[in-house]
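The structure under discussion appears below in the form of structure tokens.
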Amino acid sequence: MLWNVTTAEYLNSGHMACPGCGASLSMRHALKVLGEETIVVLPACCWSIIAGGFPTTALSVPLLHVPFATAAACASGVRRALLSRGREEVTVMAWAGDGGTFDIGLQALSGAAERREDFLYVCYDNEAYMNTGIQQSSATPAGAWTTTTPAGKEFAYGKKDILEILRAHRPAYLVTATIACPEDFLAKFAAARKRRGFRFIHLLSPCPPGWKIDSRDSLAVTRLAVDSGVFPLVEMDDGGRLRLTCEPAHPVPVADYLRAQGRFRTVRDEDLEPLQRRVDERLESFR
Amino acid sequence: MTSQDPVTPARHVREMLLGSDAVAHGVRLCRPAVVSAYPITPQTHIIETLSEMVDRGELPAEFIKVESEMSAIAACLGAVSAGVRAFTATSSQGLAMMHEILHWVAGARLPLVMVNANRALGAPWNIWADQSDSLSQRDTGWLQLYGETAQEALDGVIIAYRVTEALRVPVMVMLDGFIGSHTMEPLFIPDPGLVDDYLPPYTPVDYLDPDNPLTLCAATAPDSFYELKKGHARAMERAFDVLDKTFAEFGDRFGRRYAAVETAGTDDAEILVLSTGALTGTVRVALDRLRRQGVPAGLLKLRLVRPFPRWQLRHLLTGRRRVIVLNRAVSYGAGGILTQELRAACCGMADAPAIHDVIVSLGGKEVYPETIEEIVVRADELSPDESVWRP
């Protein structure tokens, strides 16, 4: 598919993201699709820094910084204010990390989803509290090193299934995407923009320092997450089922994804087989 | 109508209503575009009545029924940031849960009005009148207005919107749980047009608008941060003057006169009793009885706690022998919160009166006129250094 992506930029150069950061690249392309009639609501996360400090700002769309737990509630307030001002056409996008979504912001997120609030919630999931220096969150996958899981996150925990939690709320739109697969990413933001009601996009977003990868490899490693089936690209259909939007283009074993990253260095070879089985079963469930 | 019934002022209707309903009418008349709330006793009636008003079309607002108090105030944060007038109400544990966002709303200099029905904080569970909830939020940067009656709560909401939109400092309007919120009172409800003349439609500045994109509340370096906080502190200092003028204009238009500190029988009084909220009604009865017994004690009714009207209080305390501070909230290890505030205000004052700290009630412990009378009559026996707890 040929994409006509605008040359307009809503994320300006000079932002504060690390080299190879998936979060900045994701925002850049998300805004290219959503356009200038977008208001961003941002809780505490890496993006609180990326956006730049007063008096500078990296975004040329309106941006509201809000406390950690409140992205979905603040976005609800913004949306309702726009309704009363007759500005329904404006897209409201809450943009939160995994900590602000899976953990501290989950209650407000559930509330907004239940109320069918008309906004787009994007979680850019880099799988730990990266902004505070790499502490485990409930989005951290099994086996991953963080500063608070020095021996790797216990396999008994694994990663919280945020998709199933959101699916149970029956949102208007529910997908996963990653900027490492840009055609799928752009198509999903375009679809999300057209829908009304509560919409949720779960992005896998590479973090070179947190994942212990070279910044130049961040997209290649993230592509392995898709190709290995660890991060399936899915969409909720009208029947409420999650279905794959793309089959892994170049299927690889889970080991290839894990061994490409320093954070999984404590994962033993004998742990790989049950992990592979879990990933295969989950991938199959989306077919 | 008896001779004691006040005449209904022009452009008002008279109704017998609960305090909570009085607040709801005050809110309706201010036409917020967004109301966001979560139920908590004893505030719940306010949002129930507002829900009905929205449902009947009397209040054309977006009503967000959130899943927690933190989200209630956060939704208001979002709404006001997007350029509209908003409202929420809470109490006790709910206010405590809002704590982080109270700082954020004030720091963002968002005009917002919230009503708090004063109630005790657990543990143990207790739902009755107590000012620990709002007084423990006094450092969050909100203006705090306390009221004695349901009429003061209704009028207070209208006044609060004028003040918050003039100063860009959020305002918390208090009424006592149950004593204020769940008691019926005859009320004067202003006509919508009268309120519209006093409170024009909200004109936002620096709000989220794609036509004029701004980033709000970005990370700020120490020197700029300090300047912003200085601006907030100075706005609080301006609040005395703004509030005086707003009260005065309200008095001219609505016929009800208010002040940051109101007094009764203070002219010849050597002893003053400082009170807030609904307790003041009981104090009035006690002081009337004492006066008939030849004990001329006067009333200081404190309506404004933030900013604290220190100069006005110092002026009123000049030449007095004693002031007895009636507290419904304690800072454990430091005594009654209002006593600490008054002591700080009087620090360095020549001939300051003895300031007596009385923990008169917590968690709704009943206060009778006799309770006050006994404290005033035995004031000479009170130590100025120790908090007085009732037996």
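Each chain gets a letter, A, B and so on, in the order its sequence line appears, and its residues count up from 1. Remember, it's a predicted structure, so these values are computed and weren't measured experimentally.
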Let me know if A:Leu64 has heavy atoms under 4.5 Å from chain B in its side chain, its backbone, both or neither. both

Let me know if A:Glu117 has heavy atoms under 4.5 Å from chain B in its side chain, its backbone, both or neither. side chain

Can you tell which part of B:Phe63 gets under 4.5 Å to a heavy atom of chain A, answering side chain, backbone, both or neither? backbone

Looking only at side chains, do B:Ser92 and B:Asp133 share a donor and an acceptor under 3.5 Å apart? no

Could you tell me whether a side-chain N or O of B:Thr164 sits under 3.5 Å from a main-chain N or O of B:Leu112, the two making a donor and an acceptor? yes

Toward chain A, the part of B:Asp209 with a non-hydrogen atom under 4.5 Å: both

How about A:Phe119 and A:Phe198: are their ring centroids closer than 6.0 Å? yes

Where does B:Ser224 contact chain A at under 4.5 Å (heavy atoms): side chain, backbone, both or neither? side chain

When A:Ala72, A:Ala108, A:Pro67 are compared by non-hydrogen pairs under 4.5 Å with chain B, the top option: A:Pro67

Closest heavy-atom pair, B:Ser36 versus B:Thr88, reported as atoms and distance to 0.1 Å, is O-OG1, 2.6 Å

Between A:Leu42, A:Thr38, A:Val78, who has the most heavy-atom pairs with chain B when the cutoff is under 4.5 Å? A:Val78

Minimal heavy-atom distance between A:Ala81 and B:Val34, with the atoms involved, is N-CG2, 3.9 Å

Most contact-rich option vs chain A, by heavy-atom pairs under 4.5 angstrom, among B:Ala86, B:Gly78, B:Ser68, is B:Gly78

Closest heavy-atom contact between B:Val171 and B:Ala160? CG1-CB, 3.6 Å

Is the backbone N or O of A:Gln107 less than 3.5 Å from a side-chain atom of A:Ser110, with the two atoms forming a donor-acceptor pair by type? no

Sort A:Arg87 into side chain, backbone, both or neither according to what part of it lies under 4.5 angstrom from a heavy atom of chain B. side chain

Can you tell me which of A:Val40, A:Val66, A:Leu82 forms the most heavy-atom pairs within a distance under 4.5 Å of chain B? A:Val66

So, A:His15 side chain and A:Ala17 main chain: donor-acceptor pair closer than 3.5 Å or not? yes

A:Ala51 versus chain B, the contacting section by heavy-atom distance below 4.5 Å: neither

If we ignore angles and hydrogens, is there a donor and acceptor under 3.5 Å between the side chains of A:Thr101 and A:Tyr121? yes

A:Arg85 versus chain B, the contacting section by heavy-atom distance below 4.5 Å: side chain

Taking every non-hydrogen pair under 4.5 Å, which of B:Tyr207, B:Trp104, B:Phe225 racks up the most with chain A? B:Trp104

Quick one: which of A:Gly52, A:Ala73, A:Pro62, A:Ala58 has the most heavy-atom pairs under 4.5 Å with chain B, could you say? A:Pro62

Which atoms of B:Ile64 approach chain A - backbone, side chain, both or neither, heavy atom under 4.5 Å: both

So which atom in B:Gly141 and which in B:His232 form the shortest heavy-atom distance, rounded to 0.1 Å? O-NE2, 3.0 Å

Contacting region of A:Glu37 [heavy-atom separation from chain B under 4.5 Å]: both

